[in-house]
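All chains are named by letter (A, B, ...) in the order of the sequence lines, taking the proteins before the strands, and each is independently numbered beginning at 1.
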Amino acid sequence: MTQSAQEEAVRIEHLTKIYKDFWGRDKVRALDDLNLSIRRGEVFGLLGPNGSGKSTTIKLMLGLIFPTAGSASILGHAAGSTEVNEKIGFLPEESYLYRFLNGEETLYFYGRLFKIPRRDLKRRVPMLLDTVGLNAKDRKRKLREYSKGMARRIGLAQALINDPELILLDEPTTGLDPIGTREMKDLIISLKQQGKTVLLCSHLLADVQDVCDRITILFGGRMQTLGQVRDLLQVRDITQIQTRGMSTAQIEEVQAFLSKIGVSDTVITHPTTTLEDLFMRIVRERTGNGQAKPPVGSPN
Amino acid sequence: MLPAFVLSFAFADLWHQYLPWLAAGIIVVLGLLIYGAHDLFRLSLTRIWAISSVCFSEAIRKRTLWITPLAIIGVIVVTQLSHPDDPQEAIRQATKFCLFASGLLVSVVAIILACTNLPKEIDNRVIFTVVTKPTTRLEIVLGKCLGFARISATIIIIMGIFTYAYLQTRSWTEMSAVHRQLASIPSDSPTRPTLVYYADHGFLTTRRLDAPENLQIYGRLPDGNVRWMQGAQSEYFLVPFTLSEEQKDQLQQVADTTGASAYLMTTLRIQQHTPNATEQREIKELGLGNAAVELKAEELGPVLPTSRPTTQPANALPPAVVSIRLLNQNYRSLNGTLDESAGVRVVLQQPDKPGDSWYGRLTIPAEWLNRMSQVPMFYVQVHAISPATDYGVEAEPEMIFIPTGKQSGIKIGPAMSAQDPGKPAEPELLSSRGARGMILMGKADGKGPIALYHFRNAKISRPSNGTVPLQLQINIEKNGEVDVEKIGESGYAKVGVQVINNKTGESSGLIEVTPELSQTSFLNVPFKSVEGGDFDVVVRSQTQDQWLGLKDDAVSVVVADESFVVNLFKSLLVLWMLSILVVVIGIFCSTFLSWPIAIICTLVILLGHWGVDQLGSALDPGSGRSIATEFRIYDPVSSRTISQTFDTLSHVLRVVSNFLPDLSKFPVSDYIERGLAVPLSSLLQSLGVLACYGLPLLVLSYVIMRNKEVAP
Ligand SMILES: Nc1ncnc2c1ncn2[C@@H]1O[C@H](COP(=O)(O)OP(=O)(O)OP(=O)(O)O)[C@@H](O)[C@H]1O
Ligand SMILES: [Mg+2]
């Protein structure tokens, strides 16, 4: 697991966050001993049910909150430092922007925080607004008048204003229409092609499955699994034989043969294993709600 | 225990002046130069300006500035409803209202914006997108500050333009009233000089004044080294004493030893004249009529015998009596009672050789000795009591004497002079304070005591018309049984003013003026009488029983006229500095408090110093004792507990308030409303307070913000 800092975009070690109440007593253990490393140029998915600590991880990586233990280093610098902030873009889970500014002013404001010269901003701002799909009329409207999807788009544009190396997207597709969702996925893929690193939090597992190279699933603040999407979805102790056009008789014959050689508990079905299955299985296992070990691959 | 406490108090006083600066310096150095060096180094004006611009747009787009016209309407309504007596007062009030409204408006807006902004941005998480950009928390704090400073500047500019326009129109209308009045009054009217001054200079002028160096009340013009007081005219003199530790021990020893005594020796020149009818009555009222034979060399308390029938003729000379008290450094009575009239009477002894000084001897009560040896310094206050008697004060009129043998003893003289440490401090000749200043009692034809305003090094340039305006703010304290309000109107009260040049001896001659209640009047005097800048202005009341109230700066000389616009600008600059201080305090409080509490906290910090000042002498050391007496607690133990608890509490309050900013250092309308130029020193003083509190609070806000989780 030793990777040089060159290849590593994010390195999280033993990261723990316990929210305290007013009197300093522990309230919620939102994140528990998380170890994670994200390579440069990959699209990384952070999955988990509500309240599993995804946003907490991102906030820790941004220095918005401070870890109870452990550390996060981003692009070789400590989380929250201005060196890091120069090179990252962040789309929060909701659009937290100044609602009295219009779309264009918003981008100019954030651009100036990066000290981007006005000349460059004049070029960049319309380009970004095109990229995220805000039309000329909407750009001049105040953010408070924006629809949820429009706010999401301006939020994304704001995250990209500095052409960041690492982009943190907290549930980027919520509030977007199907076309917007498609565009978002395309954008993430194009960012990857430009060699950017993307950290993606999402509930829409299909999206994650489509764009992510690697994922991790969090539950109750702990990492449950980590790996290539492909590998994770491959189930090792299950052998699947795929053929075409077997008759019922042939299937029965195969089953009989299998039981003769001692293989029991056979399910012969059409393969539908998806990320959703994996996700559900992990969540169910950890919750321990009845179905102790659901069969792999739902019986359709 | 008590002396140590008093001593620490004295030291604390000295420290308090520099402690805020010291604390400020330490905070700035530690917080900014050491802790925040990295952030300081990459400070970017672009980012600060961008953040401030967002604050500014927010205020504009949320229509915060719309309350400015409301304030303007408020000012117009209030000034229209008030009915000032004369044009000058009208302009003064209008100026005051305008600046008061501006100040109130700016402070309220600044407090609300500064206290709510950060908590709100953290609450709705807009701060997320700002702090995840390469902005440092220092830039955020500074940017917010600058943003609110820009908002208050905008409000101040709008209010400033309105103030100028409004005052200009008011002054035009009032000026026509002045011209009408000038045409109607006789040429020798005592109100004329003031009207002429306004007709010449306009209302919206700004005078630069030179204030007198000091004010003394004399019985008559001094001759040689002897300065005179008139008896029974509320006049007294003060002699400061600063005892060494050794001297304090000696006094304490006398107090502790039975049979031992220490004396307060009084040496004065006395001149008496045959009492006239009024004075004879006064002698009777004071109980001095048959006392000449009766009173011994010293007498404690206002005990005057009335038993023995008098054989004295009515016009006999009264005994030369003085009344002696001890005052602390704040001129509050040290010997227990707060009653001004109470003191110990001492009858002065006639000298063996006529022409020599008279002397009096007071055995110092043990109580006094205790107090003397506890306080850092005290004054001996000597009132001239006897009518028909002039008291001449020379170099060392008071002396403490502790006899040690038949012929020998320890002499303790007054404190050394501050200007000339080789010489003992000169006694100050003053008179009792009334509601409106030092009382100057009047006698017919100006025979009463005189007030001497001493000017030194006044920088007066040669005027083109050969005269220099004096500004007078003389009040009428009391006029026998006549209603004070009426005198002002009828022009009954007459005050004589005379300017004497100390270098050339040139005098302006006696000029009679009519002061009006709490008003500024003007008087042109020949330049020759003030040339060189070293001169005395002698003020006397010309009417029997008419008392004047004189403040230390009741007489001043107008040395230059300045532009009103510039002065308005300076006043508004002071207001702006005040608003920046308010903003910084607001931001500071809002970094760790929710906004409603931050607003309250800001108000407490802003008004704390003023509040403690309002409590004033109630917090003086020793007032705990009077509290105990007031509540009739005579048990010594509980009385001591109460008085000490109270003293400690008030000490703590005072110390804490010393760390809070003093808003009186921001004289927004104090100068301009009186038509005076805001002095540069006052601007610098405001800037000093702003720096002393603003900088460290900014640094603290930054440090807090850097260690704060900005997620709600
Ligand atoms: N400021 C806070 N104070 C106390 N507890 C908090 C705070 N913020 C988050 N939590 C708790 O920490 C846990 C993790 O929250 P987090 O927001 O990271 O979840 P998430 O994975 O982003 O959920 P979602 O999918 O709903 O966005 C939750 O139990 C949440 O209640
Ligand atoms: Mg979340």
Q: Have Thr129(B) and Tyr110(A) got a donor and an acceptor in their side chains that come within less than 3.5 Å?
A: yes
Q: Measure distances from Lys62(B) to the heavy atoms of chain A and classify the residue's part below 4.5 Å as side chain, backbone, both or neither.
A: side chain
Q: Given that the side chain runs from C-beta out, which part of Lys87(A) has a heavy atom under 4.5 Å from chain B: side chain, backbone, both or neither?
A: neither
Q: Does any backbone or side-chain atom of Asp39(B) lie under 4.5 Å from a heavy atom of chain A? Answer side chain, backbone, both or neither.
A: neither
Q: Taking atom types as modelled and ignoring hydrogens, do the side chains of Arg137(B) and Ser701(B) form a donor-acceptor contact shorter than 3.5 angstrom?
A: no
Q: Do you know which of Leu168(A), Leu97(A), Ile65(A) has the most heavy-atom pairs with chain B at a distance under 4.5 angstrom?
A: Ile65(A)
Q: Check whether any side-chain heavy atom of Leu99(B) lies under 4.5 Å from a side-chain heavy atom of Leu572(B), and answer yes or no.
A: yes
Q: Can you tell me which portion of Ile51(B) sits under 4.5 Å from chain A's heavy atoms? Options are side chain, backbone, both or neither.
A: both
Q: So, Glu171(A) and Ser202(A): side-chain donor and acceptor under 3.5 Å apart, yes or no?
A: no
Q: Can a donor-acceptor pair be found between the side chains of Asn124(B) and Tyr98(A) at a distance below 3.5 Å?
A: no
Q: Which region of Arg706(B), side chain (C-beta onward) or backbone (N, CA, C, O), has a non-hydrogen atom less than 4.5 Å from a non-hydrogen atom of chain A, or is it both or neither?
A: backbone
Q: At a heavy-atom distance under 4.5 Å, which candidate from Thr136(B), Ile127(B), Val710(B), Ile48(B) has the highest pair count against chain A?
A: Val710(B)
Q: Between chain B and each of Lys17(A), Arg99(A), Glu94(A), count heavy-atom pairs under 4.5 Å; write down the option with the most.
A: Lys17(A)
Q: Below 4.5 Å from any heavy atom of chain A, which atoms of Glu139(B) appear? Answer side chain, backbone, both or neither.
A: neither
Q: Relative to chain B, which of Tyr108(A), Phe114(A), Phe90(A) shows the most heavy atom pairs under 4.5 Å?
A: Phe114(A)
Q: Look at Glu93(A) together with Lys54(A) and state whether they make a salt bridge at an N to O cut-off of under 4.0 Å.
A: no
Q: Quiz question: by atom type and distance under 3.5 Å, do the side chains of Thr132(B) and Asn85(A) form a donor-acceptor pair?
A: no
